[in-house]
Amino acid sequence: MMPAARESLLDAAYTALARRPWPTVRMVDVAASAGVSRQTLYNEFGGKDGLARALVRREADGYLAGVDRALTGPTEPRDRLTATAEWTTSSAQDNALVRALLTGCWSERLPCPPLSAVPSASAAPAQRRADGPLPSPADLVALVRDRAVAVLAGPGVPLADTAEPARSCELVVRLALSRVAAPPAGNRVADLVRGALHR
């Protein structure tokens with residue numbers, strides 16, 4: 001299948017999920033919305049569970065791509081971490097799948113594929129990747145922390161010299177996640193991050 005058709009199917013599934021709970025989303029409707037046959041949808045994803053895994057994987061990848069953009073935008077390390085925290089908060093507020101991935105709280109409205117890998121019969125590299133393990137909240141925190149440390153510490157910095165940036169990065173990500181899970185009244189995530197990094 002062409003990558004554009006695959007993306008169209010994932011877009012159609014995401015749109016359907018925004019309108020109704022995942023258990024009531026029908027494959028025939030997703031296929032029709034994407035302009036392909038239901039058989040094409042089944043050939044690509046194997047079934048509704050495969051579609052769910054691919055959709056969750058795509059949203060995780062989109063979140064991490066946004067983290068990369070946030071880390072390369074501003075020049076000051078504190079501003080980069082603040083941008084990362086703001087992206088984490090806004091993407092979780094705007095995208096129920098990202099929120100579930102970051103918090104581990106999956107409502108009955110959402111697909112809830114197992115995080116462990118599943119056997120893949122597909123020859124499509126994208127589907128094999130979707131069939132691999134999905135990131136847990138702890139995995140995502142570690143991925144964001146490691147990406148931030150790599151950007152902030154710079155290339156060639158010995159691992160021993162990254163302990164303090166790693167703690168700061170993890171603190172920022174966890175602050176953002178606490179705001180996602182239980183939003184405080186009044187404080188912006190940027191204020192929370194700046195306050196925490198001044199300590």
From CA spacing to verdict: side-chain contact (heavy atoms from CB on, under 4.5 Å), Val144, Leu64: CA-CA 7 Å; Val144 173; Leu64 291 172; 4.1 Å; yes

Identified side-chain contact (heavy atoms from CB on, under 4.5 Å) partner of Trp22 from the options Leu97, Leu17, Leu110: Leu17

Can you name the one residue among Thr88, Leu102, Val173 that meets side-chain contact (heavy atoms from CB on, under 4.5 Å) with Val141?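 For Val141, the side-chain contact (heavy atoms from CB on, under 4.5 Å) test succeeds with only one of Thr88, Leu102, Val173, which is Val173.
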
Measuring from [X]:[atom1] to [Y]:[atom2], what's the distance to the nearest 0.5 Å?
X      : Y      : atom1 : atom2 : result
Asp29  : Arg19  : CG    : CZ    : 10.5 Å
Asp94  : Arg99  : CG    : CZ    : 9.0 Å
Trp87  : Arg69  : CH2   : CZ    : 5.5 Å
Ser33  : Leu41  : OG    : CG    : 11.0 Å
Leu177 : Arg179 : CG    : CZ    : 12.5 Å
Arg6   : Asp11  : CZ    : CG    : 12.0 Å

Smallest separation among heavy atoms of Val30 and Ala13, with atom names: CG1-N, 4.0 Å

Take atom CZ of Arg26 as the centre, draw a 6.0 Å sphere, and report whether it contains more than 12 heavy atoms from other residues, nucleotides or ligands.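 Counting other residues, nucleotides and ligands, CZ of Arg26 stays at 12 neighbours or fewer.
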
Listed by chain and number, what are the side-chain hydrogen bond (donor to acceptor under 3.5 Å, both in side chains) partners of Glu170, not counting sequence neighbours?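 With sequence neighbours excluded, Glu170 shows a side-chain hydrogen bond (donor to acceptor under 3.5 Å, both in side chains) to Arg145, Arg174, given in chain and number order.
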
I'd like to know whether Phe45 forms a side-chain contact (heavy atoms from CB on, under 4.5 Å) with Leu9, so could you lay out the CA-CA distance, the side-chain angles of the two residues, the decisive distance to 0.1 Å, and finally the verdict. CA-CA 10 Å; Phe45 297 106; Leu9 284 165; 3.8 Å; yes

As a quick check of understanding, evaluate side-chain contact (heavy atoms from CB on, under 4.5 Å) for Cys169 and Leu152, giving each step before the final call. CA-CA 9 Å; Cys169 294; Leu152 298 178; 3.8 Å; yes

What I want to check is whether the side chains of Asp139 and Ser136 have a donor and an acceptor closer together than 3.5 Å. yes

Flag side-chain contact, heavy atom, 4.5 Å: Arg38 against Tyr42: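 Yes, at least one pair of side-chain atoms sits under 4.5 Å.
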
